[in-house]
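All values below were derived from every heavy atom in this structure, side-chain atoms included, with hydrogens, water molecules and symmetry-related copies excluded.
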Amino acid sequence: MRKLFLTLLTIVAAVSSVLTAAARPQYRFTVKVGVDTHTIDSLGGLDWVKRETARMFNRINEAFASDERFVGEYSFEVDWDAFYVYDGVSTKEVYKPHPDHDYLVIIDGYKSSPEEQGGGWYGSQWQCVYHSRIHNDRFNNPFEPGAIDGIIHEFGHARGMPDIYAMVVNADRNPISHTEHRGVRCIMNYPYGERHWSTYAVNMINLAADRRVEIDDLVAAMCPEKIVVNVTTPEGKAAEGAAVRLYPVGWYSYSVSPEVLADFVADKGGRVEMPGDIYGHWDEFGLRYPNLLVEAEWNGQKSYGWLPLYEVQLARFDGSECYVLNLHIKGDEPTKIEDFNPEEALANLLEAKR
């Protein structure tokens with residue numbers, strides 16, 4: 001009887017899964033693929049490259065199906081009748097129109113011409129992914145696992161996501177707080193070997209749905225109406241009169257500019273309110289900066305925080321027009337390295353465990 005019951009549960013779960021999948025919108029995108037002749041010749045011929053291309057798109061579709069948080073079921077489908085081989089500069093192929101297909105993918109495994117440019121997502125105007133490798137050898141081709149991880153990342157751009165790694169800051173390039181900002185785990189941050197989509201990526205891709213989007217407009221439009229910074233004193237009280245300064249992080253710069261973008265004075269509640277699009281507007285990506293370092297200073301003491309787009313814009317997806325950053329001024333001095341006694345610290349730890 002128990003075995004029958006478990007079998008029935010399995011059947012019900014399977015049927016439920018099928019019905020759930022059927023209820024999800026089906027987002028189908030047609031893809032025209034072009035491969036340069038040098039890649040074809042170097043990798044074993046046309047049939048081999050077609051098989052590898054089919055395998056690559058299976059992986060792309062698996063990546064977009066791997067997260068149940070996606071509202072729709074995505075499928076990027078190669079039009080094999082339109083598949084073609086070209087001879088010439090690959091970056092010239094990128095700009096060719098493809099009115100009968102949603103996307104164009106140009107594959108160059110070796111970038112053999114000195115006129116070639118970098119690969120990647122070639123913007124909303126062209127709706128093209130240039131999938132290239134720069135190593136001229138048979139052990140690092142465009143169908144290796146890492147290369148496929150890269151093209152999954154590029155299709156993330158196609159569906160409306162900016163680069164999260166463009167918001168990263170290295171500590172040695174931060175002259176203000178000398179701290180790093182790594183970004184959040186996501187295919188749109190570091191894609192190699194990664195299978196996880198961040199909450200921000202899921203939301204942005206869901207927002208784009210089945211539309212061919214203008215990524216710049218999409219990113220700029222998702223800023224909340226306002227950003228609020230609350231500053232508290234070491235005692236936890238409102239830091240009235242605290243100075244709050246914003247330092248910009250340029251796209252892909254991995255650095256904090258020493259020039260203040262904007263500065264404010266906290267009110268009686270220790271509160272500073274600023275517009276949500278304080279990042280500034282720009283032709284590319286919609287906003288001039290993807291991240292801001294926030295410095296709060298009160299009575300000569302400072303505290304720091306970050307305002308990366310991938311976090312701030314989640315406020316809109318949570319139904320709020322305001323993102324709040326809380327900064328607490330710490331009054332205690334940090335322990336000096338020379339004052340630290342490892343043996344004493346270990347003895348204290350062992351005593352605490354007794």
Side-chain angles (χ1 to χ4, degrees), residues 29 31-36 38-40 42-43 48-67 70 74-78 83 90-91 93-95 102-113 116-124 126-168 182-198 200-202 204-205 208 213 215 251-252 254 284-285 290 310:
F29 303 100
V31 183
K32 183 177 182 179
V33 176
V35 186
D36 84 309
H38 184 70
T39 299
I40 296 288
S42 299
L43 294 179
W48 187 91
V49 168
K50 280 189 172 183
R51 285 196 301 271
E52 290 300 293
T53 300
R55 185 177 64 84
M56 180 172 72
F57 274 89
N58 284 339
R59 274 280 297 108
I60 295 169
N61 291 332
E62 287 171 4
F64 278 86
S66 64
D67 198 313
F70 284 131
Y74 292 85
S75 179
F76 300 93
E77 301 174 352
V78 177
F83 187 100
S90 296
T91 44
E93 294 293 318
V94 166
Y95 302 108
D102 295 309
Y103 298 112
L104 173 66
V105 172
I106 298 299
I107 301 175
D108 186 338
Y110 299 101
K111 293 176 69 173
S112 53
S113 170
E116 300 293 358
Q117 300 174 19
W121 169 243
Y122 267 65
S124 304
W126 305 106
Q127 298 288 324
C128 177
V129 173
Y130 176 27
H131 187 52
S132 66
R133 300 293 277 179
I134 60 174
H135 305 286
N136 190 15
D137 62 62
R138 293 176 180 270
F139 303 101
N140 202 351
N141 67 61
F143 303 107
E144 290 295 315
I148 296 176
D149 289 342
I151 198 171
I152 292 169
H153 172 100
E154 302 306 336
F155 271 101
H157 290 313
R159 303 311 313 139
M161 258 301 293
D163 282 316
I164 288 178
Y165 71 82
M167 309 175 198
V168 168
R182 294 186 178 183
V184 68
R185 178 189 173 195
C186 185
I187 289 171
M188 301 308 297
N189 189 358
Y190 185 82
Y192 305 108
E194 184 59 79
R195 298 293 180 266
H196 178 72
W197 297 97
S198 66
Y200 179 61
V202 170
M204 291 292 278
I205 292 170
V213 296
I215 189 171
W251 290 95
Y252 307 100
Y254 304 99
E284 294 186 13
F285 304 107
Y310 69 78

Side chain to side chain, [X] and [Y], heavy atoms closer than 4.5 Å:
X	Y	result
Met204	Arg159	no
Pro162	Trp251	yes
Cys128	Ile106	yes

**Prompt:** Taking it one step at a time, do Val35 and Lys50 satisfy side-chain contact (heavy atoms from CB on, under 4.5 Å)?
**Reply:** CA-CA 10 Å; Val35 186; Lys50 280 189 172 183; over 6 Å; no
**Request:** With sequence neighbours excluded, give me every salt bridge (Lys or Arg N to Asp or Glu O under 4.0 Å) pair touching residues 183-193.
**Result:**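 Salt bridge (Lys or Arg N to Asp or Glu O under 4.0 Å) check on residues 183-193 returns Arg185-Glu194.
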Tell me the closest heavy-atom pair linking [X] and [Y], and the distance in Å.
X	Y	value
Leu104	Glu93	CD2-O, 3.5 Å
Gly183	Ile164	CA-CG2, 4.4 Å
Thr39	Ile107	OG1-O, 4.3 Å

**Request:** List for me each residue that meets side-chain contact (heavy atoms from CB on, under 4.5 Å) alongside Glu52, sequence neighbours excluded, and say none if there are none.
**Result:**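 Listed in chain order: Trp48, Arg55, Phe143.
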When rounded to the nearest 0.5 angstrom, what is the spacing between [atom1] in [X] and [atom2] in [Y]?
X	Y	atom1	atom2	value
Asp67	Trp197	CG	CH2	9.0 Å
His153	Ile151	NE2	CD1	11.5 Å
Phe76	Met56	CZ	CE	12.0 Å
Tyr200	Met167	OH	CE	5.5 Å
Gln127	Tyr122	CD	OH	15.0 Å
Ser75	Phe57	OG	CZ	10.0 Å

**Message:** For Val184, is there any backbone N or O sitting under 3.5 Å from a side-chain donor or acceptor partner on Asn189?
**Reply:**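 Flag set: sc Asn189 to bb Val184 pair under 3.5 Å.
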**Prompt:** Just by modelled atom types, is the Pro142 backbone N or O under 3.5 Å from a matching donor or acceptor in the His131 side chain?
**Reply:**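 Yes; at least one donor-acceptor contact below 3.5 Å.
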**Asp149: salt bridge (Lys or Arg N to Asp or Glu O under 4.0 Å) partners, not counting sequence neighbours** =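 For Asp149, the residues satisfying salt bridge (Lys or Arg N to Asp or Glu O under 4.0 Å) (neighbours in sequence not counted) are Arg59, Arg195.
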**Asked** With sequence neighbours excluded, what pairs up with Tyr192 under the ring-ring contact (aromatic ring centres under 6.0 Å, His included) test?
**Response**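 In terms of ring-ring contact (aromatic ring centres under 6.0 Å, His included), with neighbours along the sequence ignored, Tyr192 is linked to Tyr190.
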**Asked** Listed by chain and number, what are the ring-ring contact (aromatic ring centres under 6.0 Å, His included) partners of Tyr74, not counting sequence neighbours?
**Response**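 Per chain and number, Tyr74 pairs via ring-ring contact (aromatic ring centres under 6.0 Å, His included) with Tyr27, Phe64, Phe70.
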**Between His38 and Asp108, a side-chain donor and acceptor under 3.5 Å** =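 Distance-only check fails for His38 and Asp108.
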**Message:** So, applying ring-ring contact (aromatic ring centres under 6.0 Å, His included) with Trp126, which one of Tyr95, Trp121, Tyr103 is it?
**Reply:**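 It is Tyr95, the one option of Tyr95, Trp121, Tyr103 that forms the ring-ring contact (aromatic ring centres under 6.0 Å, His included) with Trp126.
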**Request:** Check side-chain hydrogen bond (donor to acceptor under 3.5 Å, both in side chains) between Ser66 and all other residues, then give those that pass, not counting sequence neighbours.
**Result:**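 Not a single residue meets the side-chain hydrogen bond (donor to acceptor under 3.5 Å, both in side chains) criterion with Ser66.
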